[in-house]
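Structure first, then comments.
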Amino acid sequence: MGAVTDDEVIRKRLLIDGDGAGDDRRINVLLKSFTKWCNSTGSPEEGFTQYQRMLGTLAQCEFSMGKTLLVYDMNLREMENYEKIYTDIEQNITSAHDKISECKKEIQRAKRIRKNRQEYDALAKVIQQHPDRHETLKQLEALDKELQQLSHIKENVEDKLELRKKQFHVLLSTIQELQQTLENDEKSENDDAQESSMENGE
C-alpha cells in the first residue's frame with residue numbers, strides 16, 4: 001500500500017469531521033467508550049450510564065451528519081442556482097449585444113433619415129424661391145400670346161416691306177422711263193435745232 005499524502009489525510013479528516021465540529025473526535029471517543037463499555041466489569045448502573053452517554057454521543061454524530069447532508073444538498077442547490085444565474089447572465093449578455101447591434105442600426109437609419117430630411121428642406125427652400133406650376137403656366141401662356149402677337153406683327157411688317165419693295169421698284173422703273181423720255185426729248189430738240197440752223201444758212 002502506497003504512502004498516504006497529507007492532502008489525502010486532510011481530505012479524509014474533513015469527510016469524517018464534517019464541517020470541523022469535532023465529529024472524528026466524537027467517533028473515536030465513542031469507539032473507545034464502546035470498547036470500554038464492552039469490557040467493563042462495573043455495576044449495571046455504571047454500565048447503563050455509560051450506555052446513555054454513548055447514545056448521546058451517537059445522536060450528536062447523527063445530528064452533525066444530517067446537518068452536513070443538509071449543507072451538502074444546499075450547496076448542490078446553490079451550484080444549480082449559480083449555473084442557472086450564469087446561464088441567464090450569458091443570455092442577457094447575448095441579448096444586450098443584439099440590442100446594441102440593433103440600436104446601432106437604428107442610429108444609422110436615423111442619421112440617414114435626418115440627412116434626407118435636411119436635403120429635402122434645402123430643396124424645398126430652393127423650390128419656394130421659384131413660382132409654382134400654376135403661375136409658371138400663366139407666364140408661359142402670356143409669353144405664348146405675346147409671341148403670337150409679335151409673329152403677327154412680323155408678318156405684317158414683312159408684307160409692308162415687300163409692298164414697299166415693289167412700289168420702290170415701280171418707282172425706279174418709272175424714273176428710268178421718265179429719264180429716258182427726257183433724254184429722247186432733249187435729243188430730238190437738238191436734232192431739230194441743227195436742222196433749223198442748216199436751213200437758215202442756205
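Throughout, numbering of the chain's residues begins at 1 and tracks the sequence. These numbers come from a predicted model, not from an experiment.
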Going by atom type alone, with no hydrogens or angles, which donor-acceptor pairs under 3.5 Å involve a side-chain atom of residues 98-108 and a protein atom two or more places apart or on another chain?
| residue | atom | partner | partner atom | Å |
| --- | --- | --- | --- | --- |
| Glu102 | OE2 | Arg109 | NH2 | 3.4 |
| Glu106 | OE2 | Arg109 | NH2 | 2.3 |

| query | Which pairs pass side-chain hydrogen bond (donor to acceptor under 3.5 Å, both in side chains) with one or both residues in residues 142-163, sequence neighbours excluded? | reply | Asp144-Gln148, His152-Asn156
| query | Considering residues, nucleotides and ligands other than Met79, do more than 12 of their heavy atoms fall under 6.0 Å from its CE? | reply | no
| query | Within a radius of less than 6.0 Å around CD of Glu186, do more than 12 heavy atoms belonging to other residues, nucleotides or ligands occur? | reply | no
| Are any non-hydrogen side-chain atoms of Glu80 and Lys84 less than 4.5 angstrom apart? | no
Starting at [atom1] of [X], measure out to [atom2] of [Y] and round the result to the nearest 0.5 Å.
X	Y	atom1	atom2	answer
Lys166	Leu161	NZ	CG	11.5 Å
Lys187	Gln180	NZ	CD	9.5 Å
Gln179	Gln176	CD	CD	7.5 Å
Asn81	Asn75	CG	CG	12.0 Å
Leu178	Leu171	CG	CG	10.5 Å
Thr174	Gln167	OG1	CD	11.5 Å

| Looking only at atom types and distance, does a side-chain atom of Ser188 sit under 3.5 Å from a main-chain N or O of Asn184, one as donor and one as acceptor? | no
| Among Ile89, Thr94, Ile93, Asp88, whose side-chain contact (heavy atoms from CB on, under 4.5 Å) with Gln91 holds? | Asp88
